[in-house]
Amino acid sequence: VNYNGQFFGKANAKEMHFHFGELIAHAAKTRPLAAGTLIGSGTVSNEDPSVGSSCLVEKRMIEQIATGEQKTSYMKSGDTIHIEMLNEKGQSLFGAISQKVKQI
């Protein structure tokens with residue numbers, strides 16, 4: 001993830017406490033899942049803080065705990081974000097999302 005052209009974080013899905021198969025299996029225990037059902041996992045927090053964050057709120061809370069204040073602002077008009085998930089070979093898995101925040 002790049003935020004305003006700067007490295008923000010590199011989520012490591014291998015650090016998830018529950019992998020996607022477990023999330024789907026748990027959801028299927030309590031409700032029928034039809035084709036096309038979406039399962040959300042939330043963001044993946046990294047155990048190693050040097051690889052950054054996946055979420056602005058997570059980063060702000062880490063800052064709050066470490067220093068007593070939140071230094072990272074929420075996104076505002078003009079900010080940009082670029083998100084892409086790569087496999088071990090550096091190939092894009094789902095394509096990239098690049099957006100610029102605009103006030104409407």
Asker: Once you round to the nearest 0.5 Å, how far does CD1 of I62 lie from OG1 of T67?
Answerer: 11.5 Å

Asker: Of all the heavy-atom pairs spanning L33 and I24, show the shortest one and how long it is.
Answerer: CD1-O, 3.8 Å

Asker: Could you tell me the separation between the CD atom of Q91 and the CD atom of E84, rounded to the nearest 0.5 Å?
Answerer: 11.0 Å

Asker: For the atom pair CG (L23) and CD1 (I39), what is the distance rounded to the nearest 0.5 Å?
Answerer: 7.5 Å

Asker: Search all heavy atoms of R60 against all heavy atoms of S73 and return the closest pair with its distance.
Answerer: NH1-CA, 3.9 Å

Asker: I81 and S98: side chain to side chain contact (heavy atoms under 4.5 Å, CB included), yes or no, with the steps?
Answerer: CA-CA 6 Å; I81 190 80; S98 292; over 6 Å; no

Asker: More than 12 heavy atoms of other residues, nucleotides or ligands under 6.0 Å from NE2 of H82: yes or no?
Answerer: yes

Asker: Could you tell me the separation between the CD1 atom of I65 and the CD atom of Q70, rounded to the nearest 0.5 Å?
Answerer: 10.0 Å

Asker: If we only count heavy atoms from C-beta on, is the T72 to L56 side-chain gap below 4.5 Å?
Answerer: yes

Asker: To the nearest 0.5 Å, tell me how far K59 NZ sits from K71 NZ.
Answerer: 10.0 Å

Asker: Could you check if a side-chain atom of M75 sits within less than 4.5 angstrom of a side-chain atom of Y3, using non-hydrogen atoms only?
Answerer: yes

Asker: Given 3.5 Å as the limit, does a donor-acceptor pair link the side chain of N2 with the main chain of G5, or not?
Answerer: no

Asker: Would you say that more than 12 heavy atoms from the other residues, nucleotides or ligands in this model lie under 6.0 Å from the CD of Q6, or not?
Answerer: no

Asker: For the residue pair T80 and Q99, confirm or rule out a side-chain donor-acceptor distance under 3.5 Å.
Answerer: no

Asker: Quick one: pull up CD1 in I83 and CZ in F94 and give me the separation to the nearest 0.5 Å.
Answerer: 12.5 Å

Asker: Tell me, do F7 and V1 make a side-chain contact under 4.5 Å, heavy atoms counted?
Answerer: no

Asker: Should Y74 and V57 be marked as a side chain to side chain contact (heavy atoms under 4.5 Å, CB included) after you check the CA-CA gap, both sets of side-chain angles, and the distance that decides it?
Answerer: CA-CA 8 Å; Y74 290 111; V57 174; 4.0 Å; yes

